[in-house]
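Take a look at the following structure, please.
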Amino acid sequence: MPKSLRCLTLAAMLLGGPALAAPVQLSAGQTDYPVITDTDDTPAGPLVIDGCTLAAGAHCPGVDLSHADLSGINLNGADLSNATMTRVNLTGAQLRGADLSGADLRGARFPMAQMQGLKALGADLTGANLDGTRLAGADFTDANLTAISMEASWAPKARFVRARIVAANLSEAKFYNADMALARLEANNIRFTIWEGVHMEDCSGCPVDW
């Protein structure tokens with residue numbers, strides 16, 4: 001053992017601390033020592049969070065999925081009503097016919113998600129990202145869509161009755177035959193947005209002369 005290491009070991013023993021372990025000796029050319037690696041592999045089996053097995057048709061009202069990475073997951077027909085889903089990542093997820101009514105979706109990410117027939121009545125989507133989503137027939141009645149981004153989203157026949165859409169990015173979104181009756185729109189980016197056939201009765205700020 002080198003003199004310096006013997007001194008450190010003796011000092012540790014005198015102070016009541018543990019002696020330093022002797023250094024591991026490797027023979028010249030040795031290559032069979034262990035290699036530690038990290039992996040991002042997804043565990044086998046269904047994903048379970050807050051007691052909810054996340055899969056198509058799941059019944060988990062009120063579940064807490066805050067900050068969860070659920071990109072690409074299949075939640076078609078799932079009941080996630082009144083769930084807490086702040087900043088959840090659902091990029092490319094399948095949410096056809098899912099129920100997110102009353103859910104807290106502030107800062108959630110849904111880019112390129114398939115959300116046809118989604119129900120999000122009264123949900124809070126403040127700051128959510130819905131770029132490139134497919135929202136045909138989705139229902140956002142009474143939802144808070146403040147500061148959302150729906151760039152290039154496809155939302156024919158979607159319902160935004162009494163919804164709040166303020167300071168949002170609606171650039172290139174397609175709202176063919178959507179229902180925005182009694183909705184409130186204000187200070188939105190509507191560059192190249194399509195409003196063909198949209199029902200705008202008693203809507204505040206809807207571009208009736210687009």
Checklist entry - Atom CE in M150, atom CG in N189: separation rounded to 0.5 Å? => result 12.5 Å

Checklist entry - Which pairs count as ring-ring contact (aromatic ring centres under 6.0 Å, His included) when at least one residue sits in residues 53-110, sequence neighbours excluded? => result none

Item to check | Pairwise ring-ring contact (aromatic ring centres under 6.0 Å, His included) hits with a residue in residues 72-96, at least two apart | outcome: none

Checklist entry - By side-chain hydrogen bond (donor to acceptor under 3.5 Å, both in side chains), which residues pair with S71, not counting sequence neighbours? => result D69

Item to check | Co-membership, hydrophobic cluster, residues L70 and L130, 4.5 Å side-chain | outcome: yes

Checklist entry - T126 pairs by side-chain hydrogen bond (donor to acceptor under 3.5 Å, both in side chains) with which of D104, T86, N144, T146? => result N144

Checklist entry - Side chains of L118 and F140: closer than 4.5 Å at any heavy-atom pair? => result yes

Item to check | A143 to A120 - nearest heavy-atom pair and separation | outcome: CB-O, 3.7 Å

Next on the checklist: For R184, give me all partners under salt bridge (Lys or Arg N to Asp or Glu O under 4.0 Å), at least two apart in sequence or on another chain.
Outcome noted: E186

Next on the checklist: For D50, give me all partners under side-chain contact (heavy atoms from CB on, under 4.5 Å), at least two apart in sequence or on another chain.
Outcome noted: V63, D64

Checklist entry - Do the side chains of F175 and F192 join up, straight or via other hydrophobic residues, at under 4.5 Å, putting them in one cluster? => result no

Checklist entry - Would one find more than 12 heavy atoms of other residues, nucleotides or ligands at under 6.0 Å from atom CZ of R106? => result no

Next on the checklist: Can you see whether S66 engages T84 through a side-chain donor-acceptor pair at a distance of less than 3.5 angstrom?
Outcome noted: no

Next on the checklist: Listing request: all salt bridge (Lys or Arg N to Asp or Glu O under 4.0 Å) pairs with a residue in residues 195-210, at least two apart in sequence or in separate chains.
Outcome noted: none

Next on the checklist: Grouping I, L, V, M, F, W and Y whenever their side-chain heavy atoms are under 4.5 Å apart, do M112 and L135 come out in a common cluster?
Outcome noted: no

Next on the checklist: Suppose we screen for side-chain contact (heavy atoms from CB on, under 4.5 Å). Which residues come up paired with N74, at least two apart in sequence or across chains?
Outcome noted: A56, N76, Q94

Checklist entry - In terms of hydrophobic clustering (I, L, V, M, F, W, Y; side-chain heavy atoms under 4.5 Å; direct or indirect links), are L80 and L47 co-clustered? => result yes

Next on the checklist: Measuring from atom CD1 of I49 to atom CG of L54, what distance do you get when rounded to the nearest 0.5 angstrom?
Outcome noted: 5.0 Å

Next on the checklist: Tell me whether S171 contacts the main-chain N or O of R191 through its side chain, where contact means a donor paired with an acceptor under 3.5 Å.
Outcome noted: yes

Next on the checklist: To the closest 0.5 Å, what do you measure between CE (M115) and CG (L90)?
Outcome noted: 8.0 Å

Item to check | For A55 against A78, the heavy-atom pair lying closest together | outcome: O-CB, 4.2 Å

Checklist entry - Listed by chain and number, what are the side-chain contact (heavy atoms from CB on, under 4.5 Å) partners of A168, not counting sequence neighbours? => result I148, I165, L170, N188

Item to check | Pairwise ring-ring contact (aromatic ring centres under 6.0 Å, His included) hits with a residue in residues 113-134, at least two apart | outcome: none

Checklist outcome for this item: For T91, the side-chain hydrogen bond (donor to acceptor under 3.5 Å, both in side chains) test, sequence neighbours excluded, returns N89

Next on the checklist: Checking S153 against T133 for the side chain to side chain donor-acceptor pair (under 3.5 Å) test, could you report, in this order, the C-alpha distance in whole Å, the side-chain angles of both residues, the deciding distance, and whether it holds?
Outcome noted: CA-CA 5 Å; S153 291; T133 52; 3.0 Å; yes

Checklist entry - Should I73 and M85 be regarded as members of a common hydrophobic cluster, given that ILVMFWY residues are connected when their side-chain heavy atoms come within less than 4.5 Å of each other, either directly or indirectly? => result yes

Next on the checklist: What I'd like to find out is whether the side chain of N82 reaches to under 4.5 Å of the side chain of P61, using heavy atoms alone.
Outcome noted: no

Next on the checklist: Rounded at 0.5 Å granularity, tell me how far SG in C206 sits from CG in L185.
Outcome noted: 4.5 Å

Next on the checklist: Let me confirm one number: the CG-CD1 distance from N169 to I190, rounded to the nearest 0.5 Å.
Outcome noted: 11.5 Å

Checklist entry - Distance from F160 atom CZ to M180 atom CE, nearest 0.5 Å? => result 5.0 Å

Checklist entry - Does the side chain to side chain donor-acceptor pair (under 3.5 Å) test come out yes or no for S149 and D131, once each step is laid out? => result CA-CA 6 Å; S149 183; D131 292 347; 2.6 Å; yes

Item to check | Results of side-chain contact (heavy atoms from CB on, under 4.5 Å) for N177 - residues two or more places apart only | outcome: K157

Item to check | Pairs touching residues 159-172 that satisfy salt bridge (Lys or Arg N to Asp or Glu O under 4.0 Å), sequence neighbours left out | outcome: D139-R159, D142-R162, R159-D179

